[in-house]
Amino acid sequence: MKALNLITLLLVIVGGMNWLLVGAFQFDLVASLFGGQDAALARIVYVLVGLSAVYQLIPFFRAMSIGEVPAESARRH
């Protein structure tokens, strides 16, 4: 599960960086790398990023149910 978590987290970061480029510069890196927004490979990347975001909801809600994120508790001590 740790490998899957890291892969999905990386894809969510890639997606976030792509949205940063779209918002700041109107440049879609995924589309430009994979042949446009309608290209099959670009659509696969978009779907994988979206599924990764959905998967990352699991650790997010798990951390929320505990009451604090472990990284936050380490900072206080």
Side-chain angles (χ1 to χ4, degrees):
M1 277 302 214
K2 184 176 181 179
L4 182 59
N5 192 40
L6 290 174
I7 291 167
T8 58
L9 182 58
L10 178 63
L11 284 169
V12 168
I13 291 169
V14 166
M17 297 301 291
N18 193 56
W19 277 112
L20 172 66
L21 291 171
V22 169
F25 305 108
Q26 296 181 344
F27 177 71
D28 188 339
L29 181 62
V30 172
S32 70
L33 288 176
F34 299 112
Q37 287 183 338
D38 294 331
L41 197 50
R43 292 175 57 90
I44 290 169
V45 172
Y46 294 138
V47 168
L48 289 175
V49 168
L51 290 173
S52 295
V54 171
Y55 180 81
Q56 284 295 318
L57 288 172
I58 296 168
F60 174 76
F61 284 120
R62 191 174 296 143
M64 295 299 288
S65 70
I66 292 171
E68 65 180 316
V69 178
E72 291 178 353
S73 66
R75 283 190 220 160
R76 291 186 202 147
H77 298 293

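Everything quoted here is computed from the prediction, not taken from an experiment.
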Flag yes if [X] and [Y] sit in one hydrophobic cluster, no otherwise; membership is Ile, Leu, Val, Met, Phe, Trp, Tyr, and two members link when side-chain heavy atoms are under 4.5 Å apart.
X: Leu10; Y: Leu51; answer: no
X: Leu33; Y: Val30; answer: yes
X: Val14; Y: Leu48; answer: no
X: Phe27; Y: Val49; answer: yes

Compare every heavy atom of [Y] with every heavy atom of [X], then report the nearest pair and how far apart it is.
X: Asn5; Y: Pro59; value: OD1-CG, 3.8 Å
X: Ala39; Y: Phe34; value: CB-O, 3.0 Å
X: Arg43; Y: Asp38; value: CD-O, 3.6 Å
X: Gly36; Y: Ala42; value: O-CB, 3.2 Å

Could you check if a side-chain atom of Leu20 sits within less than 4.5 angstrom of a side-chain atom of Phe25, using non-hydrogen atoms only?
->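 The answer is no; the side chains never approach within 4.5 Å.
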Go through the steps to decide whether Gln26 and Leu21 satisfy the test side chain to side chain contact (heavy atoms under 4.5 Å, CB included), and finish with yes or no.
-> CA-CA 6 Å; Gln26 296 181 344; Leu21 291 171; over 6 Å; no
State the [atom1]-[atom2] distance between [X] and [Y], to the nearest 0.5 angstrom.
X: Trp19; Y: Asp28; atom1: CH2; atom2: CG; value: 7.5 Å
X: Leu57; Y: Arg62; atom1: CG; atom2: CZ; value: 11.5 Å
X: Leu41; Y: Ile44; atom1: CG; atom2: CD1; value: 5.5 Å

Does the side chain of Tyr46 come under 3.5 Å of the side chain of Asn18 through a donor N or O and an acceptor N or O?
->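 There is no such pair between these side chains.
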Residues Leu4, Thr8; criterion side chain to side chain contact (heavy atoms under 4.5 Å, CB included); working and verdict = CA-CA 6 Å; Leu4 182 59; Thr8 58; 4.1 Å; yes
